[in-house]
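Have a look at the structure below before the remarks.
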Amino acid sequence: MKENPFKFFCGMLLDLIYPRRCPVCDKAVKPFGNLICEECTKKIKYVKAPCCSKCGKELNDKRAIFCHDCACKEHSYDRGMALFTYPSMAESIYRFKYRGRQEYAVYYGERLAAVLGRRITELKPDALVPVPIHDSKKRQRGYNQAELIARELGRRLNIPVETNLIKRVRKTVPMKDLSAVERQNNLKRAFKICRNDVKLNTIIIVDDIYTTGSTIDAMAYEMRRAGIKRIYFVALAIGNGI
């Protein structure tokens, strides 16, 4: 998709007035005009093969087909993929989510499109669906980080972004310190489809971090009930599982 010249000019002007911060070091990007410092590109680790055939986590055993999590659990989604290894981007994603660094989404979307774009478009999705956050959390934070990523990705790949399909109706507790069982219980009845007539056949759920898949599974379960046949996910970063 071609960049609108006026928007491009406005973006350059804003960068001059308010220099863009690097998504890795958080300093003003050098050289000017880039989305990330040249030196910081060396600090990022992309997910590399071999990967789990289900969730896309890196595998230590080249003979394995699934990671430990996916070998022990049946997921509600069809398949997933991720861009970065979580440890290499943990601080970046933390600032993105909790320190208001919304500008990082531009770099995230560009990288997702450049590295995973072909795989994403081959799935022929009807829409990208960002993982929703509870209304109270969105009011407090001011934005949904998954939605920002989805919009940047959708803009580059010319895929619609659907934000009114599913809603988080239950305020869940932070998942980072919960066990796999606690995560599942935490997400029971957390999501609700907002339409009576869903006319989507293939969707890709977009999230910032994938760990055990509990959130994606909870969403996919409701989507299956609504008649969506093919459900995939793409995550900015993926952990090692538990």
Side-chain angles (χ1 to χ4, degrees), residues 1-4 7-8 11-12 14-15 19-52 55-58 79-125 127-131 143-161 163 203-211 215-216 232-240:
M1 182 182 290
K2 291 184 178 180
E3 184 75 52
N4 182 296
K7 287 185 177 179
F8 177 78
M12 291 294 289
L14 282 172
D15 282 350
R20 181 181 297 278
R21 289 182 177 272
C22 172
V24 175
C25 70
D26 201 42
K27 298 177 182 177
V29 173
K30 294 180 180 180
F32 174 79
N34 283 8
L35 297 178
I36 184 174
C37 295
E38 285 186 356
E39 285 299 312
C40 289
T41 60
K42 304 171 185 176
K43 302 174 183 178
I44 296 172
K45 294 183 179 179
Y46 292 87
V47 174
K48 60 182 184 297
C51 298
C52 174
C55 74
K57 285 192 184 87
E58 286 188 357
R79 197 168 70 251
M81 64 189 91
L83 182 65
F84 302 122
T85 61
Y86 177 65
S88 72
M89 292 297 284
E91 291 184 13
S92 176
I93 294 173
Y94 180 85
R95 292 193 300 267
F96 176 55
K97 290 176 69 169
Y98 303 114
R99 293 292 181 262
R101 293 289 189 258
Q102 299 181 52
E103 65 203 88
Y104 290 2
V106 180
Y107 172 73
Y108 296 157
E110 186 277 328
R111 285 289 80 200
L112 282 164
V115 179
L116 300 178
R118 183 175 178 179
R119 291 172 61 188
I120 290 170
T121 54
E122 284 177 347
L123 296 174
K124 295 180 170 43
L128 302 177
V129 181
V131 173
Y143 58 94
N144 174 4
Q145 74 279 356
E147 182 178 336
L148 295 182
I149 296 170
R151 291 200 181 281
E152 288 293 336
L153 179 59
R155 181 172 68 85
R156 285 171 169 79
L157 299 183
N158 199 25
I159 302 173
V161 176
T163 60
I203 63 95
I204 297 179
I205 298 171
V206 179
D207 204 3
D208 55 346
I209 306 166
Y210 180 100
T211 305
T215 300
I216 305 296
Y232 304 94
F233 80 81
V234 60
L236 179 65
I238 195 162
N240 297 319

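- Applying the salt bridge (Lys or Arg N to Asp or Glu O under 4.0 Å) criterion to Glu91, with sequence neighbours excluded, gives no partner residue.
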Take Arg119 and Tyr232 through the test side chain to side chain contact (heavy atoms under 4.5 Å, CB included) and record every step on the way to the result. CA-CA 11 Å; Arg119 291 172 61 188; Tyr232 304 94; over 6 Å; no
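- With sequence neighbours left out, Arg111 forms a side-chain contact (heavy atoms from CB on, under 4.5 Å) with Tyr46, Leu83, Phe84, Tyr107, Ala114, Val115.
- Scored by the side-chain hydrogen bond (donor to acceptor under 3.5 Å, both in side chains) test, Thr41 finds no partners at all (sequence neighbours excluded).
- The two residues Cys37 and Ala28 make their nearest non-hydrogen contact at SG-O, 4.0 Å.
- Taking SG of Cys51 as the start and CD1 of Ile238 as the end, the distance is 8.0 Å to the nearest 0.5 Å.
- Contact annotation: the side chain of Val206 never approaches that of Leu112 to less than 4.5 Å [non-hydrogen atoms, C-beta and beyond].
- With contacts defined as side-chain heavy-atom distances shorter than 4.5 Å, the pair Ile36/Glu110 does not qualify.
- Tyr210 meets the side-chain hydrogen bond (donor to acceptor under 3.5 Å, both in side chains) test with Tyr77; sequence neighbours excluded.
- Here the closest non-hydrogen pair linking Leu35 and Arg20 is CD2-NE, 3.7 Å.
- Residue Lys97 comes nearest to Tyr143 through the heavy atom pair O-OH, 3.4 Å, listed as atom of the first residue, atom of the second, then distance.
- With contacts defined as side-chain heavy-atom distances shorter than 4.5 Å, the pair Arg101/Asp26 qualifies.
- When side chains are defined from C-beta on, Leu128 does not count as touching Leu157, because their heavy atoms never get closer than 4.5 Å.
- Residues Val131 and Asp208 fail the side-chain proximity criterion, which asks for heavy atoms closer than 4.5 Å.
- In this structure, Ala82 and Ala237 approach most closely via the heavy-atom pair CB-C, 4.4 Å.
- The side-chain hydrogen bond (donor to acceptor under 3.5 Å, both in side chains) check on Arg95 picks up Tyr104, with sequence neighbours excluded.
- The CG atom of Leu236 lies 4.5 Å from the CD1 atom of Ile93; values are rounded to the nearest 0.5 Å.
- To the nearest 0.5 Å, atom CD1 of residue Ile209 and atom CZ of residue Phe96 are 10.5 Å apart.
- Residues forming a side-chain contact (heavy atoms from CB on, under 4.5 Å) with Glu38 (at least two apart in sequence, or on another chain): Pro31, Asn34.
- Annotation: side chain of Thr163 is in contact with side chain of Pro130 (closest heavy-atom distance under 4.5 Å).
- Taking Glu152 as the reference, Ala105, Val106, Arg155, Arg156 meet the side-chain contact (heavy atoms from CB on, under 4.5 Å) condition, with sequence neighbours excluded.
- A donor-acceptor pair is defined here as one N or O able to donate and one able to accept, closer than 3.5 Å; no such pair exists between the side chain of Gln102 and the backbone of Leu148.
- By the salt bridge (Lys or Arg N to Asp or Glu O under 4.0 Å) test, Arg99 is found to be paired with no residue, residues two or more places apart in sequence or in another chain being considered.
- Within the 4.5 Å cutoff, the side chain of Ile159 has no heavy atoms near those of the Leu153 side chain.
- Evaluation of the side-chain hydrogen bond (donor to acceptor under 3.5 Å, both in side chains) rule for Thr85 yields Ser88 as partners, not counting sequence neighbours.
- Shown here are the side-chain contact (heavy atoms from CB on, under 4.5 Å) partners of Lys27, two or more places apart in sequence or in another chain: Cys25.
- Partners of Glu147 by salt bridge (Lys or Arg N to Asp or Glu O under 4.0 Å), not counting sequence neighbours, listed by chain and number: Lys138, Arg151.
- Taking the salt bridge (Lys or Arg N to Asp or Glu O under 4.0 Å) definition, one finds that Lys48 meets it with Glu58, sequence neighbours left out.
- Side chains of Ser92 and Val24 form no contact here, defined as non-hydrogen atoms less than 4.5 Å apart.
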